[in-house]
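Report on the structure given below.
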2 protein chains.
Amino acid sequence: MAIRLTDVANEAGVSLATASRVLNGSARKPAAEISDRVRAAAEKLGYFPNAQAQALARASTKLVGLVVRDIADPYFSTIARGVQRGLGDSGTQLLLASTDSEPEREIEAVRSFMSQRTDAIILSGSRGLSEDAALLRLIGSYQENGGQVIVIGQPLASTGGIQIDNETTSENLAEELIRSGHRRFVVLAGDENLLTSRDRAQGFLRKLKRTGLSAVGVVHGAFSREGAYMAMSDFLRGRKSEEDAQQLCVFCVSDVMALGAIRAIRESGLRVPEDIAVVGFDDIPTLEDVTPGISTARLPLEEIGRWAGEMVLSHGEARKTVVAGTPVLRESTKLHAGNQ
Amino acid sequence: MAIRLTDVANEAGVSLATASRVLNGSARKPAAEISDRVRAAAEKLGYFPNAQAQALARASTKLVGLVVRDIADPYFSTIARGVQRGLGDSGTQLLLASTDSEPEREIEAVRSFMSQRTDAIILSGSRGLSEDAALLRLIGSYQENGGQVIVIGQPLASTGGIQIDNETTSENLAEELIRSGHRRFVVLAGDENLLTSRDRAQGFLRKLKRTGLSAVGVVHGAFSREGAYMAMSDFLRGRKSEEDAQQLCVFCVSDVMALGAIRAIRESGLRVPEDIAVVGFDDIPTLEDVTPGISTARLPLEEIGRWAGEMVLSHGEARKTVVAGTPVLRESTKLHAGNQ
DNA sequence: CTGTTAGCGCGTTCAT
DNA sequence: ATGAACGCGCTAACAG
């Protein structure tokens with residue numbers, strides 16, 4: 001149906017091979033006059049190389065697979081943008097898959113990318129505590145066949161990637177908060193089976209302990225806005241209504257969770273930060289538009305994505321990188337006058 | 001390098017054809033005993049069908065291309081999620097391209113999708129006033145070769161899609177605002193070369209005129225957060241500082257722009273809505289976390305994406321659909337006591 | 001420098 | 001019901 005290279009060759013009165021050489025990058029270029037004729041024919045006929053056929057013949061697809069939990073989550077969409085920027089105009093196309101936090105869907109995505117023979121697979125969702133053996137095996141065989149695996153967040157056996165030092169970052173964040181005067185902390189720890197959740201909560205709690213403090217409460221739940229909303233609501237309901245002359249500071253292991261927590265706090269008639277202070281983690285772009293400004297640990301999300309994209313392009317030379325977040329205190333953790 | 005179907009066939013002691021029949025959907029199934037043996041061999045060897053080879057042999061890729069302006073923009077990421085939901089577990093993979101609002105990059109994206117022989121292309125960025133002839137020609141030839149084109153927003157010559165009735169929606173929004181007591185409007189009209197921008201602004205202005213009102217100002221700029229920020233800043237600077245006993249209401253042709261405008265307003269020391277009211281358009285999820293709640297015209301963004309995905313699956317039977325937005329007034333347009 | 005030809009991995013008629 | 005053989009569109013050796 002579509003125009004084939006053969007058609008172009010015929011139209012230009014040259015052989016298939018010659019047409020191939022001029023239209024797609026080859027070592028030495030054919031004669032200028034011939035080249036022009038071929039290009040003209042291609043243009044006239046509206047020729048488009050069949051990427052599938054090229055991939056089959058070249059054994060390389062110029063395809064990269066990105067798996068996220070939810071593309072509508074600012075954390076992931078920002079990373080996705082970074083990846084695209086990193087890929088730049090290399091001609092590499094991005095295949096996107098979302099898992100909705102279901103491990104089976106992540107496996108399915110990887111499986112699908114393997115079928116597509118993507119040159120690389122970027123895993124941006126958090127790794128679980130007990131990593132699925134099936135996933136590991138899959139990734140292993142992908143790598144054996146020359147596939148590149150880049151993991152964002154935690155290091156995964158024998159893969160390159162951008163590691164985020166969640167623990168240290170959380171410790172630093174806790175330190176800043178304590179320095180600013182906070183003493184009574186609650187931790188919305190998210191899903192305890194996700195490394196990201198766990199590391200962030202642990203780092204924070206460790207710092208508290210080392211400072212001689214201990215959390216007023218640690219609440220687990222889903223690693224999402226809704227999860228935090230519910231966890232926070234439950235926590236507030238369970239509180240004795242009289243207590244607290246002193247301001248509470250709620251550390252949420254992600255900004256998205258902080259947003260959910262804030263909603264719960266407000267619905268219960270309390271104010272942020274006057275009644276309860278809130279801190280998040282990530283510094284997603286959304287925070288720019290939220291009032292009060294939410295304190296957080298800033299991660300260069302777009303850059304992280306960009307680095308991942310660049311790693312893909314630098315084929316093989318993919319190194320591991322470690323990034324830490326920077327505490328950024330804004331209004332949401334301002335100490336209320338009269339408190340503390 | 002990777003395991004081929006041939007390898008599986010050998011391992012199972014059957015022919016290539018038989019292996020193909022059992023592993024990939026064929027009309028009649030081979031004997032059960034044979035099938036099991038083949039499946040076992042495939043499992044043992046870790047076989048993955050080569051999607052490229054399949055595509056070449058079948059002349060169908062199970063690939064869909066989605067082009068957005070910016071995947072980190074909540075408007076687009078929400079639609080993207082919808083598309084993925086719409087595609088469901090059909091096995092269709094999503095190819096993502098971002099244009100950064102540059103028409104040439106949109107063409108490049110379409111060109112690339114055509115090379116990939118995607119079964120369909122979904123265009124979600126706004127169409128321009130004078131549509132690029134090159135794009136139209138490209139799309140035409142894509143369709144001739146059996147490609148499906150789905151446009152979200154405006155109808156585009158001979159393509160299916162989800163049309164958004166921006167004009168009527170804006171009229172209704174204006175009506176609600178007027179009914180609620182607003183009289184003095186400013187329109188941040190965005191890019192006058194984008195149909196979305198233009199239609200929304202025009203619909204709004206038309207309603208004003210019909211009601212005997214006229215806009216205090218119409219300011220153009222980029223159809224983005226930054227564009228709105230700058231436009232609003234300029235407008236505020238240009239105002240005579242004494243005027244305005246009466247509250248102003250700024251209509252932004254998108255929520256993202258509304259967010260930029262609000263920032264500009266606040267930076268100039270004014271409050272929303274006490275000093276200036278603000279309305280947006282789209283009802284992006286971000287609004288849930290913004291204070292004060294921003295009035296807007298609600299569009300079922302995720303559904304729109306989902307419909308697009310479903311249209312792709314229903315091959316050919318793709319119809320045109322028209323959706324209108326629903327005005328939702330929240331705090332950002334609350335009339336300030338003493339005003340009006 | 002150009003043309004011929006043999007695969008790339010798989011789906012699918014066509015015989016058997 | 002199963003197997004042999006051809007073709008999908010293109011690249012890359014090899015010949016000329």
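By convention in this document, chain letters (A, B, ...) are assigned in the order of the sequence lines, proteins followed by strands, and residues within each chain are numbered from 1.
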Self-check item: Side chains of Gln93(A) and Ser112(B), donor plus acceptor under 3.5 Å
Solution: yes
Quiz prompt | Polar side chain donor-acceptor pair, Ser77(A) to Ser77(B), under 3.5 angstrom | solution = no
Quiz item: Can you tell me how far P of dG9(C) sits from CD1 of Ile3(B), to the nearest Å?
Solution: 11 Å
Quiz item: Rounded to the nearest 0.5 Å, what separation is found between the CD atom of Gln52(B) and the OG1 atom of Thr61(A)?
Solution: 6.0 Å
Exercise. Could you tell me the separation between the CZ atom of Phe48(B) and the OH atom of Tyr142(A), rounded to the nearest 0.5 Å?
Key: 11.0 Å
Self-check item: Separation of atom CD in Gln52(B) from atom P in dC10(C), rounded to whole Å
Solution: 11 Å
Quiz item: When the distance from CG of Asn50(B) to P of dG7(C) is rounded to whole Å, what number comes out?
Solution: 18 Å
Quiz item: With respect to Leu123(B), which candidate in Val68(B), Leu66(B), Ile150(B), Ile139(B) satisfies the side-chain contact (heavy atoms from CB on, under 4.5 Å) definition?
Solution: Ile139(B)
Self-check item: Interatomic distance, Arg58(B) CZ vs dG9(D) P [rounded to whole Å]
Solution: 16 Å
Exercise. With rounding to the nearest 0.5 Å, note down the distance linking CD in Gln54(A) to CG in Leu56(B).
Key: 11.0 Å
Exercise. Tell me whether the OP1 or OP2 atom of dC10(D) has a side-chain N or O from Gln54(A) closer than 4.0 Å.
Key: no
Quiz item: Between dC8(C) atom P and Phe48(B) atom CZ, what is the distance in whole Å?
Solution: 21 Å
Exercise. Determine whether the side chains of Glu302(A) and Thr78(A) contain a donor N or O and an acceptor N or O closer than 3.5 Å.
Key: no
List, with names and distances, any nitrogen or oxygen atoms from the protein found under 3.5 Å away from nitrogen or oxygen atoms belonging to nucleotides 3-7 of chain D.
residue, atom, partner, partner atom, Å
dG3(D), OP2, Ser15(B), N, 3.0
dG3(D), OP2, Ser15(B), OG, 3.3
dG3(D), OP2, Thr18(B), OG1, 2.7
dG3(D), N7, Arg21(B), NH2, 2.6
dG3(D), O6, Arg21(B), NH1, 3.4
dG3(D), O6, Arg21(B), NH2, 3.4

Quiz prompt | Spacing between Arg4(B) atom CZ and dG7(C) atom P, to the nearest angstrom | solution = 12 Å
Quiz item: Which residues pass the salt bridge (Lys or Arg N to Asp or Glu O under 4.0 Å) test with Arg117(B), sequence neighbours left out?
Solution: none
Quiz item: Are any of Ser20(A)'s side-chain N or O atoms less than 4.0 Å away from OP1 or OP2 of dT11(D)?
Solution: yes
Quiz prompt | Arg37(B)/Glu33(B) ion pair, N-O < 4.0 Å | solution = yes
Quiz item: At how many degrees, to 10°, do the end axes of the helix from dC1(C)-dG16(D) to dT16(C)-dA1(D) meet when each uses five pairs?
Solution: 40°
Quiz prompt | Gap between atoms CG and P, on Leu5(B) and dC8(C) respectively (whole Å) | solution = 14 Å
Quiz item: To the nearest Å, how far apart are Lys62(B) NZ and dC10(C) C1'?
Solution: 16 Å
